[in-house]
Amino acid sequence: MTHAFDASIVTRFAPSPTGQLHLGNARTALFNFLAARKYGGRFILRVEDTDIARSEERHTQALLQDLRWLGLSWEEGPDVGGASAPYKQSERNDIYNEWLTKLDAQGLTYPCYCSQAELNISRKMQIAAGQPPRYLGTCRNLAHAQRAEREARGLQPTIRFRVPAGKHIQFDDVVHGEQKFLSDDIGDFIVRRADGSSAFFFSNAIDDALMGVTLVLRGDDHLTNTPRQLMLMEAFGLSTPRYGHMAMMLGMDGSPLSKRHGSTSLHEFRERGFLPIALNNQLIRLGHSVMNDVWLDSAACISEFDPSRLGRAPARFDEIQLRHWQKESVAKLSAEEFLSWVQPELPAELTVAQCVTFSAGVRNNVEVPADVRQWLPVVFADQLEYSNDVRTVIQDAGKAFFTVAIELLPRVGLEFKALAKELSIATTRKGPALFMPLRAAITGHTHGPELGPLLPMIGIDKIRSRLVAASALASN
RNA sequence: GCUCCCAUCGUCUAGAGGCCUAGGACACAGCCCUCUCAAGGCUGGUACGCGAGUUCGAAUCUCGCUGGGAGCGCCA
C-alpha cells in the first residue's frame with residue numbers, strides 16, 4: 001500500500017454538536033488538519049447535526065472556538081462557507097433527498113414499516129439464538145398492497161438500503177492495510193429515518209464524496225462501518241476517499257476515556273490553563289509517532305506529521321505526559337507572551353511595571369496561569385501566613401539570625417548577593433542553612449522563585465517587617 | 001453469538017528477519033549542580049502476553065491460544 005498524498009489532498013473533521021469536544025475527537029480533528037497542511041491541501045469542517053434532539057447550536061459554536069484555540073483552521077466550514085456549502089447537515093436535507101431518489105431509481109431502497117419495538121425484539125431473539133443481530137428483511141419484498149395497507153394505518157416508514165448479496169467489499173486502509181468484508185454479513189440498513197432526516201451512514205458518506213474528501217482519518221470504531229459507506233458511494237458511482245482508522249484513545253486503566261479519568265474534553269484542558277501547543281505536542285504522540293522527542297512548534301507539528309506513522313494499537317492518555325509538554329511550552333513563551341497569558345490572574349491595581357517584573361520573577365514556578373496566585377501574597381501581602389514547615393525553619397534558625405539580618409538590611413540594601421554574603425559572615429552560616437530561614441521569613445514558603453529578583457519587588461519595608469515577625473516567632 | 005481490529009518498559013513509543021545482551025521520551029530512584037522548587041547533567045531498574053511453526057537466525061513472518069477493544073442502532 002502506498003500513501004502518496006499531494007496538494008490535492010482534502011481532509012475533513014465532522015463532529016456532531018452534542019456536547020463538548022472529546023479529547024479523542026480533538027486528536028482526530030488535529031490529525032486531519034495536519035495531514036491537509038502537510039501536503040498543502042484543504043481541510044473541511046462539517047457539522048453533523050442530523051440528530052435534532054441532541055444537537056445544539058451553542059455546542060457548534062463552542063466546538064469551532066475550541067478547535068480554533070487548538071490552532072486549527074479550515075478552508076471550508078459553516079462559519080467560512082465554501083464551494084460545497086452548506087456545511088451543516090441539518091441544512092442539507094434537500095441534497096440527501098435528491099440522492100436518495102437516485103438510489104430509489106436503481107431499486108436499491110425500500111420503505112420499512114417495522115416499529116422500533118419489533119426491531120428490538122428481533123434483535124434480542126437473534127442474540128439469544130447466537131446469531132448476529134441483523135435486520136431480517138421483513139419489509140424487503142412487500143407487495144404494493146401490503147405497503148398500501150401499512151400506509152393506511154398511518155405508519156411512517158424508514159428507508160433502507162438494499163444490501164447486495166454475495167458481494168466482497170475491499171479497501172486499503174491507511175493504517176490497517178488491506179481490508180475485506182462480505183456484504184452478506186451486513187443487514188439492510190436505514191438511510192433515512194421515519195422523520196425524514198438522513199441517517200449517519202448515508203449523509204456522512206455522500207457528503208464526503210460530494211465535498212471531494214480524499215482522506216478520512218477517523219476512529220477505528222468506524223472500521224466495520226466503512227463497507228456500508230463504500231457500497232453507497234459505489235452505487236452512486238462517486239469516487240471514494242481513502243480511509244485511515246485510528247485506534248481509540250483510552251484512560252490510564254485501559255478503558256475508553258471517560259469522566260472518571262478526569263478531564264476528557266478539550267475545553268476542560270483549555271479552562272485549566274493548558275496551552276494549545278502543549279496539547280498539540282501530546283496528541284501528536286498518541287497513536288502517532290514523531291521521529292524526535294523534542295518539543296515541536298506548530299510548524300514542526302505539521303512537518304513531523306505523517307499518516308504512515310499512525311499506530312494501530314490504542315493509546316492511553318496520560319496527563320503527566322501532557323504536563324511535561326505544558327512545562328516545555330510555558331518555557332518557550334516570550335516574556336510578553338507569558339505576561340499576557342497570566343495577566344487575567346493579576347490584580348487590576350498592579351502597574352504595568354509591576355506586572356512585568358512580577359511575571360518575570362515567578363515564571364519558572366508557574367505551570368498554569370492560576371499558579372501565579374500563590375506568589376502574589378509573597379510579593380504584595382502585608383502579613384504572611386506561615387505553614388508548619390515555615391514555622392519550623394524559622395524557629396530552628398533562632399532569633400539571633402533574624403536580629404542580625406534586620407541590622408544588616410538598611411546598610412546592605414536589597415542586593416541579594418551582597419545581603420547573603422554579609423549575613424553569611426555575620427552568622428557563619430552558608431548554603432541552605434543560610435538561605436532557607438531567609439526564604440521562609442521573607443516569602444513564607446520553603447520553596448519558590450529565586451530570592452534575588454524577589455527582594456526589590458517586595459521592597460525594603462515589607463522585608464524588614466517580615467524579618468521582625470520571624471524574629472518574634474523565633475524568640476517564642 | 002457473528003464479523004472485524006489490536007498486543008514492546010508503569011505510560012507514550014522506535015523497531016518492517018541478523019544493526020536488539022531491544023533504542024528514546026515521560027514518570028520513578030540515586031548522584032551532581034544549586035538558596036528552595038523547577039530546569040540541566042550523570043547513573044539505575046523494569047518491556048517484546050503465551051505456545052507451536054518457518055528460518056542458520058524472529059520483537060519482526062505463519063498458525064493457535066489468551067487478553068483487550070469495536071461494530072452488528074430510526075447515535076454519530
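Quick note on labels: first sequence line is chain A, next is B, and so on, each numbered from 1.
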Identify the nucleotide, in any strand shown, that forms a Watson-Crick or G-U wobble pair with [N], with both distances under 3.5 Å; if there is none, say none.
N: G53(B); result: C61(B)
N: A16(B); result: none
N: C4(B); result: G69(B)
N: G10(B); result: C26(B)
N: G40(B); result: C32(B)
N: C74(B); result: none

Arg147(A) versus Tyr110(A): any side-chain heavy-atom pair under 4.5 Å? yes

Heavy-atom check, side chain of His176(A) versus side chain of Phe171(A), under 4.5 Å: no

Do Ser122(A) and Glu118(A) get their side chains close enough for a donor-acceptor pair, meaning under 3.5 Å? no

Is it the case that Asp207(A) and Tyr87(A) place a side-chain donor and acceptor less than 3.5 Å from each other? no

Assign [X] to base, sugar-phosphate, or nothing according to its heavy-atom contacts below 4.0 angstrom with the strands shown.
X: Phe201(A); value: base
X: Ala313(A); value: sugar-phosphate
X: Ser197(A); value: nothing
X: Ala315(A); value: sugar-phosphate
X: Gln116(A); value: base
X: Gly287(A); value: sugar-phosphate
X: Arg192(A); value: nothing
X: His222(A); value: base
X: Ser289(A); value: sugar-phosphate

Integer-rounded Å distance: [N] [atom2] and [X] [atom1]:
X: Phe435(A); N: U34(B); atom1: CZ; atom2: C1'; value: 10 Å
X: Arg309(A); N: A16(B); atom1: CZ; atom2: P; value: 10 Å
X: Met249(A); N: C6(B); atom1: CE; atom2: P; value: 19 Å
X: His288(A); N: G15(B); atom1: NE2; atom2: C1'; value: 16 Å
X: Leu250(A); N: G10(B); atom1: CG; atom2: P; value: 17 Å
X: Asp220(A); N: C72(B); atom1: CG; atom2: P; value: 13 Å
X: Arg312(A); N: C4(B); atom1: CZ; atom2: P; value: 18 Å
X: Asp253(A); N: G69(B); atom1: CG; atom2: C1'; value: 13 Å

With the criterion being N/O to N/O and under 3.5 Å, what pairs connect the protein with nucleotides 36-40 of chain B, and how long is each?
unit_1	atom_1	unit_2	atom_2	d
U36(B)	O2'	Thr446(A)	O	3.0
U36(B)	O2	Gly448(A)	N	2.5
U36(B)	O2	Gly448(A)	O	2.9
U36(B)	N3	Arg439(A)	NH2	3.1
U36(B)	N3	Gly448(A)	O	2.5
C37(B)	O2	Asn365(A)	ND2	2.6

Which of these nucleotides, [options], is closest to any side-chain atom of [X]?
X: Thr50(A); options: C4(B), G24(B), A76(B); result: A76(B)
X: His176(A); options: C74(B), C6(B), A25(B); result: C6(B)
X: Asp51(A); options: G69(B), G1(B), A76(B); result: A76(B)
X: Pro314(A); options: A70(B), C6(B), C72(B); result: C6(B)
X: Arg123(A); options: G73(B), C12(B), A70(B); result: G73(B)
X: Phe200(A); options: G15(B), A76(B), C74(B); result: A76(B)
X: Arg54(A); options: C75(B), C74(B), A70(B); result: C75(B)
X: Thr158(A); options: C74(B), A27(B), A25(B); result: C74(B)

Under 4.0 angstrom between [X] side-chain N/O and [N] OP1 or OP2:
X: Gln179(A); N: C5(B); answer: yes
X: Arg160(A); N: G73(B); answer: no
X: Arg134(A); N: C2(B); answer: no
X: Thr18(A); N: C75(B); answer: no

Donor-acceptor pair, [X] side chain versus [Y] backbone, under 3.5 Å?
X: Asp49(A); Y: Gln89(A); result: yes
X: Ser471(A); Y: Phe402(A); result: no
X: Thr443(A); Y: His445(A); result: yes
X: Asp371(A); Y: Val368(A); result: yes
X: Arg54(A); Y: Gly19(A); result: no
X: Arg27(A); Y: Leu23(A); result: no

Could Arg228(A) and Phe161(A) be counted as a cation-pi pair, given that NZ or CZ must be under 6.0 Å from the ring centre and within 45° of the axis? no

Quick test: give all pairs of protein nitrogen or oxygen and nucleotides 49-51 of chain B nitrogen or oxygen below 3.5 Å, distance rounded to 0.1 Å.
none

For side-chain contact (heavy atoms from CB on, under 4.5 Å), just list the numbers for Leu275(A) and Trp325(A), CA-CA rounded to whole Å, side-chain angles, deciding distance to a tenth of an Å, and then say yes or no. CA-CA 9 Å; Leu275(A) 289 162; Trp325(A) 297 115; over 6 Å; no

Gap in Å between the two C1' atoms, one belonging to A25(B) and one to A16(B), rounded: 22 Å

Spacing of the C1' atoms in U54(B) and G67(B) (rounded, Å): 26 Å

Kindly indicate, with the supporting measurements, whether the criterion side-chain contact (heavy atoms from CB on, under 4.5 Å) is fulfilled by Phe31(A) and Thr11(A). CA-CA 9 Å; Phe31(A) 286 5; Thr11(A) 65; over 6 Å; no

Going through the distances and angles, do Ser263(A) and Arg272(A) end up as a side-chain hydrogen bond (donor to acceptor under 3.5 Å, both in side chains)? CA-CA 9 Å; Ser263(A) 306; Arg272(A) 285 172 57 191; 2.7 Å; yes

Please report the closest heavy-atom contact between Ser198(A) and Arg193(A), naming both atoms and the distance. O-NH1, 3.3 Å

Nearest-nucleotide check on RNA chain B, His324(A) vs Met252(A); residue mapping nearer the 5' end is Met252(A)

Mind listing the residues from residues 224-233 of chain A sitting with a heavy atom below 4.0 Å of RNA chain B? Number order is fine. Thr224(A), Asn225(A), Arg228(A)

